[in-house]
J.: 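What follows is a single structure, and I will ask about it in a moment.
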Amino acid sequence: MEITKRIALAAAAAIKEMWGQEVAPESIQLQETRPEFEGNVTLVVFPFLRMSRKRPEETAQLLGECLMREVPDVVARFNVVKGFLNLVIAPAQWIGLLEEINGQERFGFTPVTEASPLVMIEYSSPNTNKPLHLGHVRNNLLGWALAQVMEANGNRVVKTNIVNDRGIHICKSMLAWLKWGNGETPETSGKKGDHLIGDYYVAFDKHYREEVKELVAQGMDEEQAKQEAPLIKEAHEMLVKWEQGDPEVRALWKKMNEWVYAGFDETYKALGVSFDKIYYESDTYLEGKKKVEEGLEKGFFYRREDGSVWADLTKEGLDEKLLLRSDGTSVYMTQDIGTAKLRYEDYPIDKMIYVVGNEQNYHFQVLSILLDKLGFKWGKDLVHFSYGMVELPNGKMKSREGTVVDADDLIQTMIEDASQMSADKVNKLEDITEAEAQEIARIVGMGALKYFILKVDARKNMLFNPEESIDFNGNTGPFIQYTYARIRSILRKAKAQGIEVPAKLPTTAELSEKEISLIQHLNDFADTVRQAGQDYNPSCIANYCYDLVKEYNQFYHDFSVLREEDKDKQVVRLALSEAVSKVVRNGLGLLGIEVPERM
RNA sequence: GGUUCGGUAGCUCAGUUGGAUUAGAGCAGCAGCCUUCUAAGCUGCGGGUCAAGGGUUCGAGCCCCUUCCGAAUCACCA
């Protein structure tokens, strides 16, 4: 049993015995002792002063004596500072804990069974008219990490993507391609499909703005000009044709979407993300209409004189929300309802998590209420995993102003920088093939990018400065990967010397403060994983990994793992190193960050 | 204006359910450390009114109220 748990139970029993009060063992505060005091675990006695009716010091003293009696194998000795009871734990307990951590391949993970709750996570959700940018990268990395975290906490997870493949935006790209494309394809141009389509989207916008400008110059007011410009009218006509199923338009749409999907797949692969099921809005938007009609019949919604359908949410403290336009076409909300319906037909999900930016907080507040009204049992408790925007030094990313950080460019730059970095190193790895070097550069470059994004609290807006490239030193992914690679190197060398870490560790070795602190730290991994799942926040795992590795590094410089004379101590330090590497591998794994055996 | 979220070092960020005279990392700056298990590292130094004010209590960066500043949102856009 865990050390803290045993202490908490014993303390609760002692309190009941001495002062006759029931205390839940979980409510007893146990924390790591500050380095300036002697001890490993500290029990805070302030909450029990009312029960003991004694001074803090006296209360702590009594509790300490009681614990020495009750769990003598755990508590070796204690001291009292004000209301803090500092406990020195018997070394054998720490050895036991270390064995336990090393004994499990996935320490801190909750196993998934058939009976585990089924959680669906929607993330990515791209539009098909432009390539992915840094904002999407944050979404994809968070979505993937969250899926891993939910699984580590004992949930069955279905990762899903809803592709926004229909609407005026894709018609704009199609039209521009028809007008100015001369039949250009990804093959003939050598461009990635999503970039090719993105270029035509930009081209449309450019010509469109010129038209508007010209109309304004002719005396038309701007709002009218925006609607009257020939290009936008043509795009609208194309959308109507699309909705009517015009074979020519549909064929073009299909062809161009395929190009985009091929491009996205490359980016997804580079990011290391994947999906179990992909939905397309072209399939779901009609379902949404049906569902709204259904709600209309049941009286949840109402129809206005112009034919548009609305939901009145004023009772919930929100506004009235449009669900169908007066011409009967669907809006964003309608599509999400349709998608929800199809999903629930496919999977009997218990919980739905939407990974979508915080700009849509209001949308999901409304969606939750609507899905609940329409009878989705998970609607009320749906989770909008709302993450903050990625900002640039001069504000938001705006594709029109060309101030976007392209995902593919960024990935390529990161890998090149990592490659350069290792080439510049003095103590380069020798006997390494070119292919291995490239693979390491990929792992390290992506590690830097992923860690940079995931270490920040998902809810907060974050800043990315393109002028300064993402760091490889300090609090970064590569630093953690580097420590991992070094530990692996130590373990390889130990093995070469014939030293293996046994399952049963020697108990005679004295443990230093640093070693005990490291074992405690390792043990916290389980709590961190749990917390990440509870708060839907992978960032605490990233920060945990950094803290752990930082502590190990300091330990590593104070002691020699391989040169220790005392065999027992050496084995314990090797076991500790192994445990750190394993926890780091699992922790980074949850974030989708790979670890290199050498770097 | 309503709603929601945020404000911690020059910059980027941590800070678990309130805990210990001194609120932590990294970057940037300065000074050291490669015959020693990988220097993508380690050790020092400087840098803070935790936006401001009040409250709750043994104790507040964290909880409550007020104010200031910033962001998002409040579309027959997606």
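Chain identifiers are assigned alphabetically (A, B, ...) following the order of the sequence lines, protein sequences preceding nucleic acid strands; residue numbering begins at 1 within each chain.
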J.: For B:C74 versus B:C62, give the span between their C1' atoms, rounded off to a whole number of Å.
T.: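 Straight-line distance between the two C1' atoms is 31 Å.
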
J.: B:U43 and B:A25: how far apart are their P atoms, nearest whole angstrom?
T.: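 Those two atoms are separated by 10 Å.
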
J.: Which whole number of Å gives the distance between the P atom of B:U56 and that of B:G15?
T.: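 Each nucleotide's P atom is 29 Å from the other's.
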
J.: Are A:Tyr354 and A:Phe385 close enough that their ring centers fall under 6.0 Å?
T.: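 When the ring centroids of A:Tyr354 and A:Phe385 are compared, they turn out to be at least 6.0 Å apart.
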
J.: Checking all strands, does A:Tyr546 fall into the base, sugar-phosphate, or nothing category for heavy-atom contacts under 4.0 angstrom?
T.: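 Sugar-phosphate, no base atom in range.
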
J.: Determine the Euclidean distance between corresponding C1' atoms of B:G53 and B:A14; express it in Å to zero decimal places.
T.: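 The same atom, C1', in both gives a distance of 27 Å.
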
J.: Applying a 4.0 Å non-hydrogen cut-off, can you work out what A:Thr42 is touching in the nucleic acid: base, sugar-phosphate, or nothing?
T.: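 Base contact - A:Thr42 has a heavy atom under 4.0 Å of at least one base atom.
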
J.: Can you see if the side chain of A:Lys425 gets near the phosphate of B:A40 - specifically, an N or O under 4.0 Å from OP1 or OP2?
T.: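 Affirmative; the distance criterion is met.
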
J.: Touch check for A:Tyr362, heavy atoms < 4.0 angstrom, all strands: base, sugar-phosphate only, or nothing?
T.: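 Counting heavy atoms under 4.0 Å across all strands, the contact made by A:Tyr362 is with sugar-phosphate only.
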
J.: Does A:Arg486 count as lying over the ring of A:Tyr556, i.e. NZ or CZ under 6.0 Å from the six-ring centre, within 45 degrees of the axis?
T.: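 Yes - A:Arg486 lies over the ring of A:Tyr556, closer than 6.0 Å to its centre and within 45° of its axis.
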
J.: Is the NZ or CZ atom of A:Arg304 both under 6.0 Å from the centre of the six-membered ring of A:Trp310 and within 45° of that ring's axis?
T.: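 So A:Arg304 does make the cation-pi contact.
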
J.: Can a side chain N or O of A:Ser560 be found less than 4.0 Å away from OP1 or OP2 on B:C37?
T.: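 Checking A:Ser560 against B:C37: no side-chain N or O falls below 4.0 Å of OP1 or OP2.
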
J.: Indicate whether OP1 or OP2 belonging to B:A78 is found under 4.0 Å from a side-chain N or O atom of A:Gln360.
T.: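 The answer is no; no side-chain N or O of A:Gln360 sits under 4.0 Å from OP1 or OP2.
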
J.: Once you round it to whole Å, what is the distance between C1' of B:A20 and CD of A:Gln29?
T.: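 Taking CD of A:Gln29 and C1' of B:A20, I get 12 Å after rounding.
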
J.: Starting at atom CG of A:Leu313, determine the distance to atom C1' of B:C74, rounded to an integer number of angstrom.
T.: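 Distance check: A:Leu313 CG to B:C74 C1' gives 13 Å.
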
J.: Which part of the nucleic acid, if any, lies within contact of A:Arg598, taking any heavy atom under 4.0 Å across all strands shown: a base, the sugar-phosphate backbone alone, or nothing?
T.: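 Base contact - A:Arg598 has a heavy atom under 4.0 Å of at least one base atom.
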
J.: Nearest heavy atom decides the nucleotide; on that basis, is A:Asp457 or A:Gly167 closer to the 5' end of RNA chain B?
T.: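 In this pair, the answer is A:Asp457.
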
J.: Please check this pair: side chain of A:Asn537 against backbone of A:Gly533, looking for a donor-acceptor N/O pair closer than 3.5 Å.
T.: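 It does not hold such a pair.
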
J.: What is the distance, to the nearest angstrom, from the CD1 atom on A:Ile487 to the C1' atom on B:A40?
T.: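 So the CD1-C1' distance, A:Ile487 to B:A40, works out to 15 Å.
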
J.: Which one is paired to B:U73, where only Watson-Crick or G-U wobble pairs with both distances under 3.5 angstrom count?
T.: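 Paired with B:U73, as far as the under-3.5 Å criterion goes, is B:G2.
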
J.: Contact class for A:Phe84 vs. all strands (heavy atom < 4.0 Å): base, sugar-phosphate, or nothing?
T.: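 It contacts base atoms.
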
J.: Any side-chain N or O of A:Lys460 under 4.0 Å from OP1/OP2 of B:U12?
T.: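 No, because none of the side-chain N or O atoms of A:Lys460 sits under 4.0 Å from OP1 or OP2 of B:U12.
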
J.: Only pairs with both distances under 3.5 Å count, Watson-Crick or wobble alike; so what is the partner of B:C68 in this structure?
T.: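 Here B:C68 is engaged in a pair, and the nucleotide opposite it is B:G7.
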
J.: So what does A:Val44 hit on the nucleic acid, given a heavy-atom distance under 4.0 Å: a base, only sugar-phosphate, or nothing?
T.: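 A:Val44: base contact, heavy atoms under 4.0 Å.
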
J.: Where does B:C34 land, syn or anti, given syn is within 90° of 0?
T.: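 Nucleotide B:C34 adopts syn.
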
J.: Does any nucleotide pair with B:G29 by Watson-Crick or G-U wobble geometry, both distances under 3.5 Å, and what is it?
T.: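 Pairing partner: B:C45.
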
J.: Have a look at A:Gln531 and say if it touches a base, only the backbone sugar-phosphate, or nothing, with a 4.0 Å heavy-atom cut-off.
T.: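 Counting heavy atoms under 4.0 Å across all strands, the contact made by A:Gln531 includes a base.
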
J.: Quickly work out the A:His384 NE2 to B:U73 P distance and round it to whole Å.
T.: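 Distance check: A:His384 NE2 to B:U73 P gives 12 Å.
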
J.: Check every strand shown and say whether A:Asn537 touches a base, only sugar-phosphate, or nothing at a heavy-atom separation below 4.0 Å.
T.: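 If one applies the 4.0 Å heavy-atom cut-off, A:Asn537 turns out to touch nothing in the nucleic acid.
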
J.: Can you say whether the rings of A:Tyr544 and A:Phe525 are parallel (under 30°), tilted (30 to 60°) or perpendicular (over 60°)?
T.: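 The rings of A:Tyr544 and A:Phe525 sit tilted, inter-plane angle from 30° to 60°.
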
J.: Strictly below 4.0 Å: does A:Asn461 bring a side-chain N or O up to OP1 or OP2 of B:A72?
T.: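 Checking B:A72 against A:Asn461, no side-chain N or O comes under 4.0 Å of OP1 or OP2.
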
J.: Within less than 4.0 Å of OP1 or OP2 of B:C74, is there a side-chain N or O belonging to A:Lys321?
T.: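 A:Lys321 to B:C74 OP1/OP2: no side-chain N or O under 4.0 Å.
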
J.: Check whether any side-chain N or O of A:Tyr482 sits under 4.0 Å from OP1 or OP2 of B:A40, and answer yes or no.
T.: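 A:Tyr482 to B:A40 OP1/OP2: side-chain N or O found under 4.0 Å.
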
J.: Look at all strands and tell whether A:Glu468 reaches a base, only sugar-phosphate, or nothing, counting heavy atoms closer than 4.0 Å.
T.: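 The answer is nothing, as A:Glu468 stays clear of every strand by at least 4.0 Å.
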
J.: Rounded off to whole Å, could you give me the NZ-to-P distance for the A:Lys455 and B:C27 pair?
T.: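 Between P of B:C27 and NZ of A:Lys455: 10 Å.
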
J.: In whole angstrom, what separates A:Lys82's NZ from B:G19's C1'?
T.: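 One finds 10 Å between C1' of B:G19 and NZ of A:Lys82, rounded.
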
J.: Between A:Asn475 and A:Leu318, which has a closest nucleotide on RNA chain B that is more 5'?
T.: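 Looking at the nearest nucleotide for each, A:Leu318 comes out on the 5' side.
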
J.: Within the 4.5 Å heavy-atom criterion, are A:Glu122 and A:Val356 side-chain neighbours or not?
T.: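 Heavy-atom side-chain distance check passes, below 4.5 Å.
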
J.: Does B:U38 pair with anything, Watson-Crick or G-U wobble, both distances under 3.5 Å, and if so, with which nucleotide?
T.: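 Partner of B:U38: none.
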
J.: What's the NE2-P distance between A:His557 and B:A40, to the nearest Å?
T.: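 Result: 10 Å.
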
J.: At 4.0 Å (heavy atoms only), tell me whether A:Ala485 reaches a base, stays on the sugar-phosphate, or touches nothing.
T.: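 Base, at least one base heavy atom under 4.0 Å.
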
J.: Hey, is the side chain of A:Lys550 poking within less than 4.0 Å of OP1 or OP2 on B:G26, counting only N and O atoms?
T.: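 Affirmative; the distance criterion is met.
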
J.: Would you indicate what A:Tyr451 reaches in the nucleic acid, counting non-hydrogen atoms under 4.0 angstrom: base, sugar-phosphate, or nothing?
T.: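 No contact.
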
J.: Applying a 4.0 Å non-hydrogen cut-off, can you work out what A:Met389 is touching in the nucleic acid: base, sugar-phosphate, or nothing?
T.: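 A:Met389: no heavy atom of the nucleic acid under 4.0 Å.
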
J.: With a non-hydrogen cut-off below 4.0 angstrom, is A:Gln481 in contact with a base, only sugar-phosphate, or nothing?
T.: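 Contact class for A:Gln481: none.
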
J.: Between A:Arg138 and A:Tyr387, is the side-chain hydrogen bond (donor to acceptor under 3.5 Å, both in side chains) condition met? List the steps.
T.: CA-CA 9 Å; A:Arg138 191 177 194 191; A:Tyr387 63 90; over 6 Å; no

J.: Under 6.0 Å from the CD atom of A:Glu222, do we count more than 12 heavy atoms belonging to anything else shown?
T.: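 For A:Glu222, atom CD is not crowded (no more than 12 foreign heavy atoms under 6.0 Å).
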
J.: Can you tell me if A:Arg459 touches the phosphate of B:U4, counting only side-chain N or O atoms and a distance under 4.0 Å to OP1 or OP2?
T.: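 Result: no.
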
J.: How many Å lie between NZ on A:Lys495 and P on B:C37, as a whole number?
T.: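 The answer, rounded to whole Å, is 22 Å.
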
